[in-house]
Number of protein chains: 2
Amino acid sequence: MAAETARQRLAPLAEEDTLSLGERAYRRLRESIVQGMLPAGRKISERSIATELGISAQPVREALRRLEQDGMVVTLPRRGTVVAEVGPAQLGELGRIRAALEGVACALAAERIDAGSLGALAAILKRMTAGTEAGDTEALDEANEEFHALIHRATGNLFLIRSLGSLRAYDHLGRHRAIGSTPRDLPKALAEHKGIVAALRRHDPALAEARMRHHILRSLVTNGVLPPPPRPMRRP
Amino acid sequence: MAAETARQRLAPLAEEDTLSLGERAYRRLRESIVQGMLPAGRKISERSIATELGISAQPVREALRRLEQDGMVVTLPRRGTVVAEVGPAQLGELGRIRAALEGVACALAAERIDAGSLGALAAILKRMTAGTEAGDTEALDEANEEFHALIHRATGNLFLIRSLGSLRAYDHLGRHRAIGSTPRDLPKALAEHKGIVAALRRHDPALAEARMRHHILRSLVTNGVLPPPPRPMRRP
DNA sequence: CGCTGCCAACTGCTATGGCAGTTGTCCATG
DNA sequence: CATGGACAACTGCCATAGCAGTTGGCAGCG
């Protein structure tokens, strides 16, 4: 198993020994695609990735199948597998899809969220407030990630959790595409997050859904993934 | 180019033969679960299914992985894979998720649908009208399937097509769960379908989305998957 | 030069075998 | 009888090997 020339373009998958090789290959490849190391159109064969990761071909094949179901790669039978082309237009579509799904997730969460999760959300809000005042975008990103992941988990719906997981990966891809810094509106995002938590605390599904969806769409507009107002976010 | 058209001209090859074993295993297992042959909690091991289908274990394993991502099975590492429990509550959740996704799909379709697809939709509407007058629920189901599948394809978004495909499988599962006949409201459904096509023809995304989402939610309510009014379909 | 046909080097796909962890059973022990 | 511990029969997981299409290039013919 040893003695392969160690020209690894993808970082070695040494950590997390408890996860299966297929799972690790899946995350590794997804991360590599999201961060641009594997640009669109790049051919990725099971064998080359396998030798590069130091594992067999089956786990890689499994990972590629899952990535295909996520839409991140396309494979032509007996011809090859390539990283899918995800242009700005499709990124916008996926954003709108994600907005709708985050909306229903928030509605479901509003119906069954418990005090513990509400407390955790409050704690995240405090961190967000501090991060917004300090302008610490890195901490804000982390808090934002936890914020949405917590709401997803609060639904208890595996389909939602999985789908939104891959959709958020596309969101990361969009940010990595944008050279330089991604434009944001920190105070507005903070206010929206607070409004969402308020709706969740009142267990108001309709309100929670509307606010969450508006929040996602607004953020997509401010960082240029979606065109500004022609999309009906607010009545003119 | 010339070779390609020539090949297409003489290719009545059965689709069944070109599909990979993994794909066939996936569809067959999914069908078996949806139709109740594999009830919730049933243990399904790679090897037993493999010998039963007369194939190897890898394609089965692939199929199980995809089913797991669809949420139809859960697998505990090194312990076994069982058919997932999908109770009425989760069926309702999945229905609401599907309503939201069908909504955005319809909005996207409204923006880019061409005359050909609109014509096909009109043809389906005629069949639906005839089927409604005759009370032919079987023909209506088939037309309904084509109706929604056509709209999904019109979006050109693979993520939507795939997700809605598995979600519609859950819809079928719900119908098979209901012993006897599923309650329906044929005239209302027909009117809604006509309204959706009208919105698509006017290329009005917002209207198309609202009508589609309302249509799905209403149908879920009439056949008992969702509780009647507490969900905000209309003000009380 | 241009075209055809073949051949080697790919590719995805499947079968086989075996590893390591889990579970259920049965016998020995207290 | 009750309890505990090995053992066999599972399970999912992975590596190896080979099959069958696909592709690109290169020789050989026109």
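Residue numbering restarts at 1 for every chain, and letters A, B, ... go by the order of the sequence lines.
- Mapping heavy-atom proximity under 4.0 Å, the span of DNA chain C touched by chain A runs 5' to 3' from C:dT11 to C:dA15.
- From A:Glu52, atom CD reaches atom CD1 of A:Ile44 across 11.0 Å, with rounding to the nearest 0.5 Å.
- Here D:dT11 presents its C1' atom at 11 Å from CZ of B:Arg61, a figure rounded to the nearest Å.
- Atoms CG (A:Leu21) and P (D:dG12) sit 17 Å apart, rounded to a whole Å.
- A salt bridge does not link A:Arg27 to A:Glu31: none of the charged side-chain nitrogens sits closer than 4.0 Å to a carboxylate oxygen.
- Looking only at distances, no side-chain donor or acceptor of B:Ser117 sits under 3.5 Å from a matching main-chain atom of B:Asp114.
- Here A:Gln58 pairs with A:Ser56, B:Gln58 under the side chain to side chain contact (heavy atoms under 4.5 Å, CB included) rule; sequence neighbours left out.
- What separates CG of A:Leu19 from C1' of D:dG12 is a distance of 15 Å, to the nearest Å.
- Rounded to 10 degrees, the angle between the two end axes of the helix from C:dC1-D:dG30 to C:dG30-D:dC1 is 10°, with five pairs used at each end.
- When the side chain to side chain contact (heavy atoms under 4.5 Å, CB included) test is applied to A:Val82, the partners found at least two apart in sequence or on another chain are A:Lys43, A:Val74.
- Looking at residues two or more places apart in sequence or on another chain, you find a side chain to side chain contact (heavy atoms under 4.5 Å, CB included) between B:Leu53 and B:Ala25, B:Arg28, B:Ile49, B:Ile55.
- Residues satisfying the ring pair (Phe, Tyr, Trp, His ring centres under 6.0 Å) criterion with A:Phe147, sequence neighbours excluded, are A:His193.
- Scanning residues 71-84 of chain B for heavy-atom distances under 4.0 Å to DNA chain D yields B:Arg78, B:Gly80, B:Thr81.
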Show me the donor-acceptor pairs, under 3.5 Å and distance only, between side chains in residues 153-166 of chain A and residues at least two apart or in other chains.
residue	atom	partner	partner atom	Å
A:Thr155	OG1	A:His152	O	2.5
A:Thr155	OG1	A:Asn157	N	3.2
A:Asn157	OD1	A:Phe159	N	3.0
A:Asn157	OD1	A:Leu160	N	3.1
A:Asn157	ND2	B:Glu93	OE1	2.7
A:Arg162	NH2	B:Glu68	O	3.3
A:Ser163	OG	A:Phe159	O	2.9
A:Ser166	OG	A:Ser163	O	2.9

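- A heavy-atom distance below 4.5 Å is found between the side chains of A:Arg127 and A:Glu142.
- Of the residues in residues 43-51 of chain B, those with a non-hydrogen atom less than 4.0 angstrom from any atom of DNA chain D are B:Ile44, B:Ser45, B:Glu46, B:Arg47.
- Partners of B:His176 according to the side chain to side chain contact (heavy atoms under 4.5 Å, CB included) rule, which considers only residues two or more places apart in sequence or in another chain, are B:Val34, B:Gln35.
- Rounded to whole angstrom, the span from the CG atom of B:Leu67 across to the P atom of D:dG12 amounts to 13 Å.
- Residue B:Ile55 is in sugar-phosphate contact alone, with no base atom involved, counting any heavy-atom pair closer than 4.0 Å across all strands shown.
- Under the salt bridge (Lys or Arg N to Asp or Glu O under 4.0 Å) criterion, B:Glu62 pairs with A:Arg61, A:Arg65, sequence neighbours left out.
- Across all non-hydrogen atoms, the minimal contact from A:Val73 to A:Leu64 is CG2-O, 3.7 Å.
- Applying the salt bridge (Lys or Arg N to Asp or Glu O under 4.0 Å) definition to pairs two or more places apart or across chains, those involving residues 97-110 of chain B are B:Arg98-B:Glu102, B:Arg98-B:Asp171, B:Glu102-B:Arg168.
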